[in-house]
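Just below is one structure, and these are the notes that go with it.
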There are 2 protein chains.
Amino acid sequence: MGIIRKTESVEILLNEFQDTETALSTVELITRLGKFMNKTTIYRILEKLEDDGILHSFIGFDGVKRFARCKSCSKSNHSDVHPHFQCISCGKSECLDIEVNIPDMSNREVLFSQLLIKGKCDLCMV
Amino acid sequence: MGIIRKTESVEILLNEFQDTETALSTVELITRLGKFMNKTTIYRILEKLEDDGILHSFIGFDGVKRFARCKSCSKSNHSDVHPHFQCISCGKSECLDIEVNIPDMSNREVLFSQLLIKGKCDLCMV
DNA sequence: CTTACATTTGCAACTAAGTTGCATTAATAA
DNA sequence: TTATTAATGCAACTTAGTTGCAAATGTAAG
């Protein structure tokens with residue numbers, strides 16, 4: 001079930017993803033937006049936005065779900081197979097604009113894949 | 001801190017990983033071995049075995065940690081960068097013996113990466 | 001074989017992420 | 001403007017994983 005109504009909560013949430021390729025964890029969003037809306041609402045809206053192909057998600061190395069804006073996804077085709085990068089210094093995680101070629105597999109049907117990279121981002125490399 | 005003593009619990013746990021490339025989730029291990037040892041013990045032994053380079057772990061699409069045998073890891077070098085496959089039909093997840101070449105990145109320091117693939121395994125493809 | 005002592009274990013209580021049911025509130029079409 | 005249906009808040013719950021501490025057990029030295 002996707003978004004049907006453009007409510008205030010939806011707009012506030014979408015605003016957080018404006019003009020950025022940074023991925024935000026649910027936890028992060030709850031601390032940021034907790035005064036504007038309930039955490040349940042945050043979880044529910046994120047789920048709907050993902051269904052609609054507006055956001056995509058991945059599980060970080062800490063097991064916490066993160067969301068980021070989609071570039072070329074649709075309701076039917078969540079094909080955002082770019083890698084995600086997580087910085088061990090500042091904790092920031094972001095989408096990488098790099099093509100990943102999934103190894104060919106004869107005896108398995110690949111439906112989705114995600115590459116997660118851990119390291120130091122440009123600002124933390126020193 | 002790695003394994004110091006070869007206790008009964010350690011042996012029972014290691015047995016589960018014998019002769020298989022299948023990855024087991026902590027939850028799965030707790031249901032299997034819960035009658036032999038406490039879940040805290042399971043968590044602690046798994047952590048130690050990972051420290052020792054005997055097991056390696058990854059977080060599945062469901063956010064649950066999974067463990068599998070290492071082939072060429074050591075205490076210092078946990079370089080098991082093979083992809084992991086998770087079947088959406090039977091739920092089984094396993095290590096894949098495939099090389100993954102991580103895309104070159106000029107402005108980031110890559111320390112670790114994991115490729116997670118979702119699909120149907122050979123038995124569930126039909 | 002026995003002792004001594006450090007490591008492991010079990011237990012219970014806790015934390016933190018995420019979910020559910022239900023009554024209330026708000027958006028939208030008529 | 002109202003009726004209807006979706007969205008929200010709240011509280012209570014579930015589940016994965018963690019912590020502190022006392023009791024049990026493995027191991028090396030005698």
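Just so it is clear: chains get the letters A, B, ... in the order the sequence lines come, proteins before strands, and each one is counted from 1.
For the pair A/H84 and A/H56, the minimum side-chain heavy-atom distance is below 4.5 Å. Side-chain contact check for B/F17 versus B/L29: some heavy-atom pair is nearer than 4.5 Å.
B/I45 places its CD1 atom 8 Å from the C1' atom of C/dT8, with the value rounded to the nearest Å. Atom NZ in B/K65 sits about 8 Å away from atom P in D/dG17, given to the nearest Å. Distance, B/F67 CZ to D/dA16 P: 14 Å, rounded to whole Å. For the pair B/D51 CG and C/dT8 C1', the interatomic distance rounds to 16 Å; values are reported in whole Å. Taking atom CD1 of residue B/I59 and atom P of nucleotide C/dA16, one finds them 17 Å apart after rounding to whole Å. If you measure from atom CD1 of B/I12 to atom C1' of C/dT8, you get 14 Å, rounded to the nearest angstrom. Atom CG in B/L46 sits about 15 Å away from atom C1' in C/dT9, given to the nearest Å. One atom, CG of B/L13, and another, C1' of C/dT9, lie 13 Å apart when rounded to the nearest Å.
Remark: B/T26, B/V27 in residues 20-31 of chain B come within less than 4.0 Å of DNA chain D through at least one heavy atom.
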The contact string for nucleotides 24-30 of chain D, one letter per nucleotide 5' to 3', using protein heavy atoms under 4.0 Å with B, S and - for base, sugar-phosphate only and none, comes out as -BBS---
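Pairing each heavy atom of B/C87 with each of B/K120, the nearest pair is SG-CA, 3.9 Å. Scanning both residues, A/L24 and A/E16, for their nearest heavy atoms gives CD1-O, 3.7 Å. Nearest heavy atom pair, residue B/M37 against residue B/L13, reads SD-CD1, 4.3 Å. In terms of heavy atoms, B/H82 sits closest to B/L96 at CB-O, 3.1 Å. Contact between A/P83 and A/V100 at its shortest, heavy atoms only, is CD-CG2, 3.5 Å. Minimum interatomic distance between B/I117 and A/M105 (heavy atoms only, all atoms of both residues): CD1-CE, 3.8 Å.
In this structure, SG on B/C124 lies 8.0 Å from NZ on B/K92, to the nearest 0.5 angstrom.
Of the possible donor and acceptor atoms, one in the side chain of B/T31 sits under 3.5 Å from a partner among the backbone N and O of B/E28. Checked by atom type and distance alone, the side chain of B/Q86 pairs as donor or acceptor with a backbone atom of B/F61 at under 3.5 Å.
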Kindly give the atom pairs (protein nitrogen or oxygen, nucleotide nitrogen or oxygen) under 3.5 Å for nucleotides 19-23 of chain C.
{"unit_1": "C/dT20", "atom_1": "O4", "unit_2": "A/T40", "atom_2": "OG1", "d": "3.4"}

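Comparing B/V64 and A/F36 against DNA chain D, the residue whose closest nucleotide sits nearer the 5' end is A/F36.
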